[in-house]
Structure formats: structure tokens, C-alpha cells
Amino acid sequence: MSDSERRVERGGPYVGSPIIMATVRVVMPFVFTFGLFVMFHGADSSGGGFQGGVIVGTVVLMLGIAFGIDTTREWIGPRLPVALVGTGVLAFLFTGIGSVLLGAGFLEYAVYGELGIPHASKYGIEFVELAIGVIVAGIVTGLFFAIAAGANGGESA
Amino acid sequence: MTPREIAVVALVAGGVFFAVVAAVGLIRLPDVYARAHSASKSETLGAVLTLGAVAASYGVGFNALKVLLLLLFMFLTNPTAAHAITRAAHELGIEPWTGDEGDEP
Amino acid sequence: MIQQVLLGAATAFILVSLVGVYRAIVGPTTPDRVIAINFIGSNVVIVIALIAAAIGEPGALDIALVYALLNFLLSISISKFQVERGGVL
Amino acid sequence: MVAVTESRLLVPVDESASLRNTVAYAVEEALDRAAESGSPAAVHFVYPLAERISFRSSSPRADAARTLLDRVASWAEEDAEGAAVTIETALVATHEYLSTPNDYADVLVRYANEHELGLAVFDPRYDPIGSTPLLPSLEAEVRRAGLAVEEAPRNVESPSQPLVRRGTITQFFALFAAAFAFYLLLAGSVAPFELATGAISAGIVAVALWRVSLTSPVAPRDAIKRLARFGLYVPFLLWEIVKANVEIAYIVLHPDLPIDPEMVEFDAAVWSALPVTTLANSITLTPGTLTVDVDRQHLIIHTLTGSAREELFAGTLERAVRFVFYGRAAARLPSPFERREEDDT
């Protein structure tokens, strides 16, 4: 009990628990891999871009909770979420409009087969799922930091 | 019954038993810390046995391996979660029940 | 046979979870509630795994994995949020 | 900036998670500056209270503010450690209505002028108005009104260990291999598609996390030895968990609920984050013990029964964890109980 009294009296800063930090360190790469796995397997199993993106975003949330939001924000940097969303949107548009340029409808992947890409439909869907996943991951991360920043004084991420 | 069926039934029965123990503990025990004991332990063994049953029902193969992964993940995270919760309780200054306040649960 | 056993176990776990709901409502403190929710979450993971095996849909195991992850994230984030009452996070 | 060595400080206070830090910082800063300039040090803690009507001399909010100021004053006294610094607290603006940062700045600057204070130190979380993105910040307003402004360092969330560490190439490849293996395990096949996407995923994971996830350089041979020993540890732990559960089941289902909970503390003889975590989580999983808090290797543990306490101090688990991480020789260190005996004598 003495420890808690000391902490209350001292009013010292809340220090993250090393146990939570170590667990997050260990679990994180596997969660990240799992998120990417779900993203890549959107076409033929449960999952897809949205789910995978959220799981990848979760990695950042875990870091933020275990190590402190400011620390994580410094590590991620302000540009990364924005860059992710931008890249994802560009990739999506590129695939969508690409099929239009080849004379088919928007996002009609089968037409890429004419360029000699095997399983054009499948890979097309994978690619778009991946783009969506990247967008979602970027948005989840960005929103998390934006909400956290809103509470302590309006500096946005 | 095949040996595998017997194994599945036995494991499931064990799992449900410990889940029930965890639930009873969650009701009967007097404070946060004691309840965390029951939730983090009986619950984990319940998970081990039940997921063991699931793995056994799949037989040897990738699905069983996936169940084991799930199990490993719960093994890593459940105690950490219990620690996080009780740490927060401790930090909030919730006093542990020591039995001398008189009121039996 | 195995299928019935697995589904029966899933039902049992769901019933056991109701106890967690009771604790989550009664409290009395917030950590009590978080423990109860964590307990329910673990049960949900187990139920999903049981059902995945019973109906022969191994893809659902991925969902169980995600649930386990969310369960962990929920516990640590609520715990942190409680201690740092100053801000949202 | 009137004078860089201004040693009379104004600190606006409000309930905040980082307030304790800010107080310590302000006092230290005042003393440093006073030592440099030779002028006396002073810190004024000010609580601007926004209440439109306050005919009564006390309201719940004013009382709360006074309590806070008293607490701040005692913290400041503690930090000053008897050094020559004037500490004052004030509750201002009790008859004014404050709504914009400008109003707050006015009140603060007026107070500063009255008391000849030259520098305002802000708590990084000080935000009496709430987020108002359209208005200039309070700091900017105060600065515009001619008062030097400084923000106390934000270390409220500083973790006890740094997030990013130096990475080595072996760490990178270890992480890559682990992620790749995990990916193939999830996929359940080694089709070319899985191999390709797996390699891409593992590459992304390794690039993103190689300096975060592994805390120390990986020596392949040690790592394999550790994994092998960990393989031995798991059945042992499972057996302990089964014992734990039988005991807990007995206690929980016993009509009298024979529990005797107590918090105990001890210093574990393991030295870095991962072993401590393994130990702490193992403790949480085994008979009637639950790790509540950890400070380096000092563990605070809630025990449910007397026998659980004895088991804990006998140090079986601790020895096993040392065996996993440091090998056979380290397992023979004395148990916590024996160490305690030594301390007592």
C-alpha cells in the first residue's frame, strides 16, 4: 500500500506499466502481420481491406496506449497518416480509371488480362483491397491522434 | 465413441467447468483484485481446455495450429489485461479487501 | 456427435457470460466492470472458436483472433483512460 | 523578451495530469534564473476562476480551486527544499466572466503587472477554455500582451523506457523471419501467391517495427537456446496453472469462501523488461497471485491465500524464469524468502 500512497502524495506523472509495454512489443509485429494477411486475402476469405486496415491501425493504438500518445505521435510523424491515405486513394483511382482507359467500365479488372497479367480479376481485387486497407489504416491512425490532440489543446497531428 | 470424441468431450467438460468456476468467483469474491484472480485464471484454463477441444476436433492440421495460435495470444494478453485493470484500480486508490471489515460477501 | 458437444459448450459459455453482464451492471467500481467485460470478451472468443469448429468454417478462427485482439485493446485502453482522467486519452 | 533572466514567474494552474511536473519545473526554473541574475526568485500560482455571478464568498468551484492552490503551494514548498523563493497563490477574476483566450490573457497579464512578474510558465495541458481552434491560443495572447511565455516540458507521458531503440541488422532479419513464418502459418500453404505477399508483409512489418519490437540485439544462438528452454518452461507453467485453478476452484466453490487476501511486495531477481514481464504474467497465471504493479523489478502482488504467498516466496516460478532467460547457473540464486532472511539479519 505504501507505494500507492507515495504516488498519490507525490502526484507524480503516470508512468506506463513495463508489463503492458513488453506485451505490446511482443504482440505488435504479429498483429501487424495479421492485419496485412487479412488485407491480402480479401478476395477469397473473410476479411478484406477495411478489416485489415483497422487491424493495422490497432497496432498504432496499442503503441499509443502503452507508450504514451505524444511519444507515439513523435515516432509516427505528422505526415505518415496523410501520406498513407493519399497513396491509397491514388492507387484506387489509378486501378479504377486504368480499366476505363482500356475501354472497360470503372474498376472492371478483367480488362487488365489483355495486358498479359494472369488472374487479372483476382489480382485487381487484391490490389484495390490493399489500397482500401492502406486508406483505412491511415484514417484510423490519423483520427486517433486527432481525437487525442483535441483533448489537450488543439494541436492536430 | 472414438478416442478423439472422448477427448473432445472431456476437454469441453473441463473447459465449461472452469468457466463456471470463474463466473461463480466473479459473483462471490469480495473485491476487484479477488475477482481479477478468478477472471484471469479460471478463465484462462477454461480457454485452454475448450480451445484444446476445438483443436482436437480439427485433428492434426493447419486449423488446429491456428487454434493454438489463438490460444497463445490469449495466454499472452489475458494476464496483461488483468494486470492493466488491477493496476488502474490500484492507481485509483481502491483498497484491497482484507476480511476485517466484517461484511462477509 | 462432436458437433452437438461443441454447440452445447458454446451455449454453456454464452450462459456463463450472462454472469459477466450481471457484474458489469452491478459494478460497484469501474475496474469491476472492465473485468466483467474482459471476461465476456474472452468467452466470446471461445464461443466463436467453438462455432467455427462446429459448423466447419475455419475462416471464423480469424474473426476469433481479431476479437481476442480487441478484447486486449479494450482492457488496456479503458484502464489507461481511467487513470488519466485529465484528458480523453 | 524583457530580460532572459527574469526570475519572477507567473504560473496559471488548473486541474491537470501534468500539473505536478509543471510546479516542479517552475520552481526549479525560478531558482536557476535567480541564481543567474542575482534577483530574488518568486513563483505566483494563479487560478483564474470564471464565474459570472459570485456574490457569495465561497462556491463549490472556488473551494475546489482553493484546495488545489493549497496543494500546489505545498508541492512548491517541497520542491524548493528551503531555498529562497517566494511562493504565492491567488484566486483571481472572481467577479468577471471569462470566455475567450483574450479574457484569460487580460486577467493573467494584469496580475503579472500588478505583481511585477516577467515570465509566464504554462502547463502543457493548461486549457481552461477547452479546444477552440478558431481563436488564437492563450499562450499567443499572453505573449502579445507583452509577457514572456514558456511551456513546461511535457513529460507526463514519458514512458519508463524509450519507444525507439537502436536496431541492428540481425534484429531486422529476426523480425522479418518471425513475421514471414507467422504469415505462412496463417495462410496454411506455401503457394507462390502466399510466399510473395508474405515476403511483402514481412518486409513492411520489419521496416516499420525493427527498432521498436526487439529491445536488445539478437544473438541467434542465444535466441534458439532461450526458445528451447522456453519450450521446457511452457509445460511446467501449464502444470502450475492447472494446480492454480484446482485451488481457486476449491476456494470459490467452498461455502465459507476461505480467502485471506493481502498485498505483498518483493524485488525479483530478474533484470530486464521481457524476463520481468514473463515472470509477472506467470505470477498472474498461477496460484492465487496477481501482479498489480511493477517498478523495474519491484513487484507488488495481490495474493488470495496464505499458501499462495508461501508458494510465491519459495520462488519456484522466479527460478524457472531465470532458467529460461539466463540458463541453468542463474536458476540457483537464493529464493525471495531466503533473500528476505538475509536482509533481516
Side-chain angles (χ1 to χ4, degrees), chain B residues 1-2 4-5 8-9 11-13 15-17 19-27 31-33 35-36 38-40 42-44 46-47 49-51 53-58 61-63 66-67 69-71 73-74 76-78 80-92 94, chain C residues 1-3 5-6 8-13 15-20 22-24 26 28-39 41-43 45-54 56 58 61-62 64-65 67-69 71-85:
Chain B
M1 285 214 285
T2 63
R4 205 208 298 172
E5 278 177 343
V8 169
V9 171
L11 286 171
V12 160
V16 170
F17 171 73
V20 169
V21 167
V24 172
L26 210 55
I27 293 185
D31 74 345
V32 196
Y33 304 101
R35 282 177 209 134
S38 136
S40 78
S42 305
E43 186 52 18
T44 312
L49 295 176
T50 321
L51 293 181
V54 172
S57 81
Y58 275 127
F62 268 112
N63 287 325
K66 220 177 221 180
V67 175
L69 273 181
L70 179 61
L71 194 56
F73 188 80
M74 287 182 82
L76 271 173
T77 55
N78 262 359
T80 307
H83 158 75
I85 298 165
T86 46
R87 184 176 200 258
H90 191 65
E91 203 103 355
L92 290 172
I94 295 171
Chain C
M1 163 67 193
I2 285 188
Q3 197 181 11
V5 169
L6 293 178
T11 319
F13 271 95
L15 290 178
V16 163
S17 300
L18 292 179
V19 172
Y22 163 80
R23 183 48 78 193
V26 172
T29 63
T30 316
D32 278 311
R33 297 194 168 92
V34 185
I35 284 185
I37 298 293
N38 191 33
F39 174 75
S42 305
N43 281 349
V45 174
I46 296 169
V47 168
I48 294 177
L50 284 170
I51 291 177
L61 287 176
D62 291 350
L65 206 51
Y67 243 94
L69 169 66
N71 196 18
F72 173 60
L73 193 66
L74 175 136
S75 301
I76 61 172
S77 51
I78 298 188
S79 304
K80 188 178 168 86
F81 164 66
Q82 272 181 285
V83 175
E84 281 197 28
R85 279 151 302 172

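Sequence lines set the chain letters: A, B, ... in the order given, protein chains first and strands last, and positions in each chain run from 1. Side chains are part of it too, since the values below use all heavy atoms of this structure and drop only hydrogens, waters and symmetry mates.
- Both the backbone and the side chain of Leu70(B) have a heavy atom closer than 4.5 Å to some heavy atom of chain C.
- When each of Leu26(B), Leu76(B), Val16(B) is checked for heavy-atom pairs under 4.5 Å with chain C, Leu26(B) comes out on top.
- Interface residue Ala12(C): only side-chain heavy atoms are found under 4.5 Å from chain B.
- Distance check: Asn38(C) CG to Asn78(B) CG gives 6.0 Å after rounding to the nearest 0.5 Å.
- Atoms CG and CZ, from Leu65(C) and Phe73(B) in turn, are 6.5 Å apart once rounded to the nearest 0.5 Å.
- Taking both residues in full, the closest heavy atoms of Ser75(C) and Ala81(B) are given as CB-CB, 3.6 Å, listed atom of the first, atom of the second, then distance.
- Here the straight-line distance linking atom CD1 of Ile2(C) with atom OG1 of Thr2(B) works out to 6.0 Å at 0.5 Å rounding.
- In this structure Asp31(B) satisfies the salt bridge (charged side-chain N to carboxylate O under 4.0 Å, His left out) test with no other residue, sequence neighbours excluded.
- The most heavy-atom pairs under 4.5 Å with chain B, out of Ala49(C), Ala68(C), Ala9(C), Ser42(C), come from Ser42(C).
- In this structure, chain C has a heavy atom under 4.5 Å from the side chain of Val12(B), while its backbone stays farther away.
- Heavy-atom distances place the side chain of Phe13(C), and not its backbone, under 4.5 Å from chain B.
- We find the CG-CG distance between Leu50(C) and Leu51(B) to be 7.5 Å, quoted to the nearest 0.5 Å.
- Note that OG1 of Thr77(B) is 7.0 Å distant from CG of Asn71(C), once rounded to the nearest 0.5 Å.
- Atom-to-atom distance recorded for Ile35(C):CD1 and Glu43(B):CD is 11.5 Å, nearest 0.5 angstrom.
- In this structure, the portion of Leu6(C) lying under 4.5 Å from any heavy atom of chain B is its side chain and not its backbone.
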